[in-house]
Amino acid sequence: MSPVWYRVHRVRRETHDVVTLELTPPEGAPPCSPEPGQFNMLYVFGTGEVPISISSLPSDRGELVHTVRGVGAVTNKLIALQRGDVVGVRGPFGRPWPVGELRGRDVVVVTGGIGLAPLRPVLQHLLAHRKTFGHVSLLYGARTPYDLLYRNELLAWRDSREIDVEWTVDRSSGVWNGNVGVVTRLISRATFDPERVTAFVCGPEIMIKYAIEALRNRGMATSNCYVSMERNMKCAVGFCGHCQYGPTFMCKDGPVFRFDHIEPLFQIREL
Amino acid sequence: MTPTRVLIDRSGLDALIATLAAQGYRVLGPTLGRDAIVLGDVAGTDDLPVGWTDEQEAGHYRLRRRDDAALFGYVLGPHSFKRFLYPPRQRLWSVSRGSGPDLEVRAEPHDDRPLAFLGVRPCEIAAMRIQERVLTGGEFPDPSYADRYGRAFVVAVQCTEPGGTCFCASMRTGPRAGTDCDLALTELLGPDRHDLLVEVRTPRGEQIVAGLPAREATDADVATANEALARAEASMGRSLDTEGIVELLERNIESPAWGKVADRCLACANCTSVCPTCFCTTVEDTTDLTGQHAERWRRWDSCFNRDFSFIAGSLIRHSTRSRYRQWMTHKLSAWHRQFGTSGCVGCGRCITWCPVGIDITHEVDSIRNHERSASTFHTVGGRYR
Ligand SMILES: Cc1cc2nc3c(=O)[nH]c(=O)nc-3n(C[C@H](O)[C@H](O)[C@H](O)COP(=O)(O)OP(=O)(O)OC[C@H]3O[C@@H](n4cnc5c(N)ncnc54)[C@H](O)[C@@H]3O)c2cc1C
Ligand code: SF4
Ligand code: SF4
């Protein structure tokens with residue numbers, strides 16, 4: 001499967017190492033209409049290809065939005081792209097967040113760091129059909145105040161009062177007067193009915209672990225918790241073997257899993 | 001009508017090879033390498049390791065002269081036919097910055113010549129089927145594997161003399177070849193005879209055999225072959241108890257046995273590079289010096305390699321224990337969940353080519369034994385406390 005060449009239409013700098021890319025499809029390209037939680041393989045000419053989540057609901061014109069943190073060879077090239085540059089896209093791949101099952105339920109979204117990117121389309125969806133859902137909370141943790149993504153949107157979401165938005169940072173700096181501490185601490189005081197809430201969790205594995213623990217302490221069943229996991233991926237179509245997680249392939253059985261389905265795997269170190 | 005079973009001799013086998021070549025096939029089979037039997041182009045029976053055998057044990061492989069002129073008197077070398085269907089290094093596509101603003105991608109063309117595999121052992125045939133399921137059974141089939149395997153002509157050789165590390169009988173992949181081949185040969189070698197019994201398995205095979213200098217096989221010939229195969233089945237060098245193995249390994253993911261095997265394992269990845277079913281690969285993206293031309297290559301990778309489980313900032317499987325566990329549980333357990341079959345065909349290569357002689361059949365026993373002694377311990381503890 002070879003990539004389709006998208007062109008960078010807009011580059012939005014989120015933080016010192018995170019960039020949001022808006023990509024336009026080539027004329028006549030087959031439409032790519034990803035669902036929230038799915039990902040594309042983004043290829044930088046001659047450098048490499050990496051899995052990056054879809055971070056916006058699809059637009060009518062087939063544009064793609066990806067938010068990338070520069071952490072290595074390929075992602076550092078991605079965040080340095082300019083308007084007009086070309087990116088290879090294969091996808092979309094993977095199982096999405098089950099947004100279709102949220103009707104009438106409370107929703108709590110728990111994310112850390114770049115983990116907000118794959119949940120942004122979920123929040124867009126919840127806001128677009130706000131009346132269909134019960135109480136909605138976004139709990140978001142970043143390393144420092146300078147690492148908060150989608151800042152203007154966060155403020156707009158909070159000010160709209162349509163959803164509860166709480167954020168926290170690991171280390172405060174400057175004139176920060178918000179929360180300090182790990183995001184999982186926000187769970188104990190979030191508003192939701194444990195009997196009818198669904199949780200979406202995305203972040204580093206250690207954060208997922210503590211988030212699930214806190215959600216459980218609130219009386220939630222893990223069958224209502226969904227998590228998005230990360231593994232090395234080369235092919236994204238189920239045969240390079242890199243993303244195996246026990247008997248699952250993260251690229252096709254994940255990256256989103258219902259937590260109780262993978263709980264036995266989650267407890268095993270170095271799996 | 002051509003009978004579905006015929007006898008040919010060495011000249012008949014030469015005619016078979018020549019016919020396949022004349023029909024446009026690239027004929028590949030066992031050849032004598034420097035210190036091992038390796039797969040290569042075969043133009044006639046002179047290219048086969050005639051009169052040679054291979055002595056195999058855990059961590060041990062030696063070629064020896066036989067005192068006869070057996071054509072297939074050896075079992076498996078380090079190569080499997082996987083290297084032709086799913087090459088160790090393969091270009092997937094290339095792309096050039098054209099004169100205009102657009103990039104031109106060139107997908108790799110398919111091979112011109114179809115492949116014919118000669119002397120394929122039944123376990124190897126099972127391995128091809130397994131890889132076919134992995135690589136072409138999903139939503140995004142690999143076009144190159146589908147093309148190569150779809151066109152390949154397979155001449156099996158059933159096993160009458162299993163090797164020291166073979167356990168196909170336990171995995172139910174041999175020593176008889178099933179229907180996934182075009183022709184199945186059995187070498188009938190005695191003091192006063194040297195024939196190959198040819199059993200036709202496909203219409204394509206029937207066509208090829210029709211033109212060969214052959215004699216009709218008698219019931220006695222077929223009985224002789226069957227006896228030899230039954231003897232082979234009863235004399236495997238190894239055996240593996242597969243009873244409940246999927247759940248056994250799932251239950252024992254934290255067994256102390258993993259730590260013990262890890263003390264010996266070098267994480268050298270030999271086992272994965274000789275295994276006919278291992279499919280893990282990585283990709284390499286490169287550019288030429290002008291920066292105008294880029295290529296994507298796929299090459300075999302191994303779950304024993306350090307970088308295999310790397311995600312930015314951390315390594316998931318840093319210990320050898322976790323890598324050996326990944327390899328073995330995948331082969332014998334997770335594979336069933338993923339693809340509905342075992343990922344091991346019992347070819348024994350991983351045992352032979354492991355430099356420290358780690359034996360997958362013994363490691364399964366060791367896990368069973370640990371579990372048994374642990375549960376004894378629990379029962380005893382329960383009774384006395
Ligand atoms: C499902 C999923 C969704 C993700 N979503 C996002 C997201 O929305 N935003 C985000 O920022 N991150 C996301 N990530 C993480 C992101 O994929 C990694 O940060 C990225 O792969 C790091 O690659 P790198 O090359 O920059 O880093 P490196 O640390 O340099 O490399 C990481 C891996 O890529 C390989 N690699 C490097 N160069 C090459 C090359 N030339 N050819 C082949 N392989 C190479 C390395 O061998 C290594 O295995 C996601 C990951 C997954 C699994
Ligand atoms: S795991 Fe070992 S015995 Fe089984 S198919 Fe692979 S190399 Fe052969
Ligand atoms: S089991 Fe043997 S062949 Fe496989 S990685 Fe370990 S030492 Fe190498």
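In what follows, every chain begins at residue 1, and chains take the letters A, B, ... in the order their sequences are listed.
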Notebook entry, point to check: Does the ring centre of A:F239 sit less than 6.0 Å away from the ring centre of B:F140?
Noted result: no

Notebook entry, point to check: Just wondering, do B:Q338 and A:Q244 contact through their side chains at under 4.5 Å, heavy atoms?
Noted result: yes

Check: Is there side-chain contact between B:D285 and A:F45, with at least one heavy-atom pair below 4.5 Å?
Finding: no

Note to self: Just so I understand: if I count every heavy-atom pair under 4.5 Å between each of A:G46, A:P26, A:G241 and chain B, which residue has the most?
What the structure shows: A:G46

Next item on the list: Sort out for me which of B:T287, B:T281, B:V283, B:D288 touches chain A most, counting heavy-atom pairs under 4.5 Å.
Entry: B:T281

Item checked: Contacting moiety of B:R298, where chain A heavy atoms sit under 4.5 Å -> side chain

Notebook entry, point to check: Counting only heavy atoms not in B:K82, do more than 12 sit closer than 6.0 Å to its NZ atom?
Noted result: yes

Next item on the list: Taking the side chain as every heavy atom from C-beta outward, state whether A:R231 and B:S309 have any pair of such atoms under 4.5 Å apart.
Entry: no

Next item on the list: Side chain from CB out, backbone as N, CA, C, O: work out which of these in B:I316 comes under 4.5 Å of a heavy atom of chain A, or both, or neither.
Entry: both

Note to self: Can you tell me which portion of B:S333 sits under 4.5 Å from chain A's heavy atoms? Options are side chain, backbone, both or neither.
What the structure shows: neither

Note to self: Need one label for B:D301: side chain, backbone, both or neither, based on atoms under 4.5 Å from any heavy atom in chain A.
What the structure shows: side chain

Notebook entry, point to check: Roughly how far, to the nearest 0.5 Å, is CG of A:L271 from OG1 of B:T329?
Noted result: 7.5 Å

Margin query: Show the nearest heavy-atom pair for residues A:Y43 and B:V95, with the distance to one decimal.
Written below: OH-CG1, 4.2 Å

Notebook entry, point to check: Quick one: what part of B:Q326 sits under 4.5 Å from any heavy atom of chain A, side chain, backbone, both or neither?
Noted result: side chain

Notebook entry, point to check: Side chain, backbone, both or neither: which part of B:Y145 has a non-hydrogen atom closer than 4.5 Å to chain A?
Noted result: neither

Check: Between A:T47 and chain B, which part of the residue has a heavy atom less than 4.5 Å away: side chain, backbone, both or neither?
Finding: backbone

Checklist line | Within 6.0 Å of CZ in B:F339, more than 12 heavy atoms from elsewhere | finding: yes

Checklist line | B:R296 side chain near A:E49 side chain, heavy-atom distance below 4.5 Å | finding: yes

Check: So with a 6.0 Å cut-off around CZ of B:R251, is the heavy-atom count from everything else above 12?
Finding: yes

Margin query: Any side-chain to backbone donor/acceptor pair from A:E270 onto B:H318? Under 3.5 Å, distance only.
Written below: yes

Check: For B:T282, is it the side chain, the backbone, both or neither that has a heavy atom under 4.5 Å from a heavy atom of chain A?
Finding: both

Next item on the list: Report, as yes or no, whether the 6.0 Å neighbourhood of atom CG on B:D112 holds more than 12 heavy atoms from other residues, nucleotides or ligands.
Entry: no

Check: When heavy-atom pairs shorter than 4.5 Å are enumerated against chain A, which of B:D307, B:L92, B:L135, B:V134 gives the highest number?
Finding: B:L135

Check: Side chain, backbone, both or neither: which part of B:Q131 has an atom under 4.5 Å from a heavy atom of chain A?
Finding: neither

Margin query: Below 4.5 Å, heavy-atom pairs only: which of A:K234, A:H242, A:K252 has the largest tally toward chain B?
Written below: A:H242

Checklist line | Proximal component of A:T75, with respect to chain B [non-hydrogen, under 4.5 Å] | finding: neither

Item checked: Nearest-0.5 Å distance, CD1 of residue B:I253 to CG of residue A:L265 -> 8.5 Å

Item checked: Check: A:I268 and B:R325 side chains under 4.5 Å, non-hydrogen atoms -> yes

Next item on the list: Using non-hydrogen atoms and a 4.5 Å limit, figure out which bit of A:F93 sits close to chain B: side chain, backbone, both or neither.
Entry: side chain

Checklist line | CD1 on B:I311 to SG on A:C243, rounded to 0.5 Å | finding: 11.5 Å

Checklist line | chain A contacts, top residue of B:R337, B:E254, B:H330 (heavy-atom pairs, under 4.5 Å) | finding: B:H330

